[in-house]
Amino acid sequence: MTTKELLYIEDALGHAQYFQTKCRETANQIQDSELKTCVEQMEQTHQQIFQSFYGLL
């Protein structure tokens with residue numbers, strides 16, 4: 001991989017991790033169970049994205 005490609009993956013990992021953290025924090029504050037489930041699913045999606053990018057390394 002080129003340096004530029006590695007930088008892109010590093011950036012993508014950071015974004016996915018940030019969004020996963022924010023979803024987790026938000027889900028912990030939500031009272032509505034339906035909305036909470038939706039945000040938890042978003043967290044799982046960002047975790048999967050993180051794992052996919054991490055797998056490229």
Chemist: Of all the heavy-atom pairs spanning L13 and F53, show the shortest one and how long it is.
Modeler: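 For L13 and F53, the tightest heavy-atom pair comes out as CD2-CB, 3.8 Å.
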
Chemist: With a 6.0 Å cut-off (strictly less than), is the heavy-atom count around CD of E34, excluding the residue itself, greater than 12?
Modeler: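 Counting other residues, nucleotides and ligands, CD of E34 stays at 12 neighbours or fewer.
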
Chemist: Check whether L6 and F50 end up in the same hydrophobic cluster, where Ile, Leu, Val, Met, Phe, Trp and Tyr are linked by side-chain heavy atoms less than 4.5 Å apart.
Modeler: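 Result: yes, single cluster for both.
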
Chemist: Decide whether F19 and L35 are clustered together by the hydrophobic rule: side chain heavy atoms of Ile, Leu, Val, Met, Phe, Trp, Tyr closer than 4.5 Å, transitively.
Modeler: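 Hydrophobic grouping puts F19 apart from L35.
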
Chemist: Just by modelled atom types, is the R24 backbone N or O under 3.5 Å from a matching donor or acceptor in the N28 side chain?
Modeler: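 Confirmed, N28 side chain pairs with R24 backbone.
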
Chemist: Is any side-chain heavy atom of M1 closer than 4.5 Å to one of I9?
Modeler: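 Side-chain contact under 4.5 Å: yes.
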
Chemist: Starting at CD of E10, measure out to NE2 of H15 and round the result to the nearest 0.5 Å.
Modeler: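 So the gap between those two atoms works out to 10.5 Å.
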
Chemist: Looking at OG1 of T21 and CD of Q47, how far apart are the two atoms once the value is rounded to the nearest 0.5 Å?
Modeler: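 It comes to 10.5 Å.
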
Chemist: Is there side-chain contact between E43 and V39, with heavy atoms separated by less than 4.5 Å?
Modeler: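 No, too far: nothing below the 4.5 Å cut-off.
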
Chemist: Looking only at non-hydrogen atoms, find the nearest pair between C23 and H46 and report the distance.
Modeler: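 In terms of heavy atoms, the two residues are closest at SG-CD2, 4.1 Å.
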
